[in-house]
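All remarks here apply to the structure that follows.
Chain identifiers are assigned alphabetically (A, B, ...) following the order of the sequence lines, protein sequences preceding nucleic acid strands; residue numbering begins at 1 within each chain.
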2 protein chains.
Amino acid sequence: MSTRRETVRQALTGSTGFRSAQDLYADLRAEGSKIGLTTVYRALQALSDSGEVDVLRTDDGEAVYRACDSEAHHHHLVCRKCSTAVEIEGPAVEEWAAEVGARHGFTGVTHTVEVFGTCADCARS
Amino acid sequence: MSTRRETVRQALTGSTGFRSAQDLYADLRAEGSKIGLTTVYRALQALSDSGEVDVLRTDDGEAVYRACDSEAHHHHLVCRKCSTAVEIEGPAVEEWAAEVGARHGFTGVTHTVEVFGTCADCARS
DNA sequence: TTCCATTTTGACAATCATTTTCATTTTCTC
DNA sequence: GAGAAAATGAAAATGATTGTCAAAATGGAA
């Protein structure tokens with residue numbers, strides 16, 4: 001396994017929030033790494049494909065990534081200001097989504113659920 | 001009020017699915033309109049700002065729009081193949097999201113919920 | 001109606017994240 | 001160690017979206 005992918009994984013693990021490829025690239029370069037932007041994108045793509053990191057899209061369409069503790073299906077409570085995220089679960093939501101899909105004759109039903117807000121720390125300032 | 005915005009609104013209303021700005025532009029040009037791409041973007045922006053149309057992002061980050069029947073808060077069950085969408089509600093999900101946010105000390109909590117699947121028509125073929 | 005101000009429009013250029021290309025370097029395998 | 005395969009990165013290409021700016025449509029006021 002590539003050393004570069006490991007570098008990117010660690011850069012992500014060092015943060016509790018969602019980070020963009022550009023962010024990670026800037027950080028890595030700032031701390032002296034000679035990694036290329038293309039490689040950061042490739043590493044994130046691979047990590048995301050293998051399910052090791054979660055991806056979501058910001059309102060302006062940028063992809064942001066997070067190394068979550070759980071590899072199991074879960075959702076996120078994300079701070080609108082600092083992007084810190086908490087992993088959350090909602091069995092009721094899972095069932096609701098499946099049921100709604102079935103009721104309308106849809107098959108292979110999946111869903112995306114994200115909760116946004118301002119975290120306590122950010123609200124304080 | 002502009003005639004162009006009305007044109008775009010109608011192009012959207014004529015479809016049950018989510019459509020991208022580029023799609024709508026292509027359709028309008030195909031049916032003879034001399035509308036410009038910039039104008040299509042501006043109209044969609046305005047319609048979305050005023051809450052008249054709903055927006056969401058595809059997996060590859062493209063913005064897609066839909067003129068929904070209800071202006072009230074709701075979610076969508078979207079076909080992965082043809083992008084047809086059904087407006088759905090989930091009171092339980094609303095409460096769950098608010099409760100989860102509050103429990104973690106988040107304020108100004110909002111959420112996004114979308115359900116995807118293959119609709120009965122598409123499954124048949 | 002006519003004229004000026006305001007708004008809308010659209011062609012074109014500029015952005016910006018992401019992907020491709022392709023030649024070079026590194027890593028594995030024998 | 002040699003050669004094939006995989007990984008890397010610089011630079012160019014892509015594609016959606018936004019900014020610029022001058023021309024065209026619109027809306028009153030005279």
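Going from atom CD of A:E62 over to atom P of C:dC16 covers 11 Å, rounded to whole Å. We find that CZ of A:R4 is positioned 15 Å from C1' of D:dA6, with the value rounded to whole Å. As a whole-Å value, the separation of A:R57 CZ from D:dT17 P is 11 Å. Atom pair A:D60:CG and D:dG19:P shows a separation of 12 Å (rounding to whole Å applied). To the nearest angstrom, C1' of C:dA17 lies 16 Å from CZ of A:R19. Between B:R5 atom CZ and D:dA25 atom C1' there is a gap of 16 Å when expressed in whole angstrom units. Rounded to whole Å, the distance from CG on A:D23 to P on C:dC16 is 15 Å. Look at CD on A:E6: it is 16 Å from C1' on C:dT27, rounded to the nearest Å.
Taking A:F106 as the reference, nothing meets the ring pair (Phe, Tyr, Trp, His ring centres under 6.0 Å) condition, with sequence neighbours excluded. Applying the ring pair (Phe, Tyr, Trp, His ring centres under 6.0 Å) test to B:H74 and every residue at least two apart in sequence or in another chain returns B:H76. Legend: residues meeting side chain to side chain contact (heavy atoms under 4.5 Å, CB included) with B:D121, ordered by chain and number and at least two apart, are B:C119, B:R124.
The stretch residues 88-114 of chain B participates, sequence neighbours left out, in these salt bridge (charged side-chain N to carboxylate O under 4.0 Å, His left out) pairs: B:E99-B:R103.
If you check residues 34-50 of chain B against DNA chain C, the residues with a heavy atom closer than 4.0 Å are B:K34, B:I35, B:G36, B:T38, B:T39, B:R42, listed by number.
By the 4.5 Å heavy-atom criterion applied to side chains, A:L12 and A:L24 are counted as neighbours.
The B:Q22 side chain lies nearest to D:dT17 when the options are C:dT18, D:dG9, D:dT17.
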Please report, to 0.1 Å, the donor-acceptor pairs under 3.5 Å made by any side chain of residues 31-47 of chain A, with sequence neighbours excluded.
{"unit_1": "A:S33", "atom_1": "OG", "unit_2": "A:I35", "atom_2": "N", "d": "3.1"}
{"unit_1": "A:Y41", "atom_1": "OH", "unit_2": "A:Q22", "atom_2": "NE2", "d": "2.9"}
{"unit_1": "A:Q45", "atom_1": "NE2", "unit_2": "A:D49", "atom_2": "OD1", "d": "3.3"}

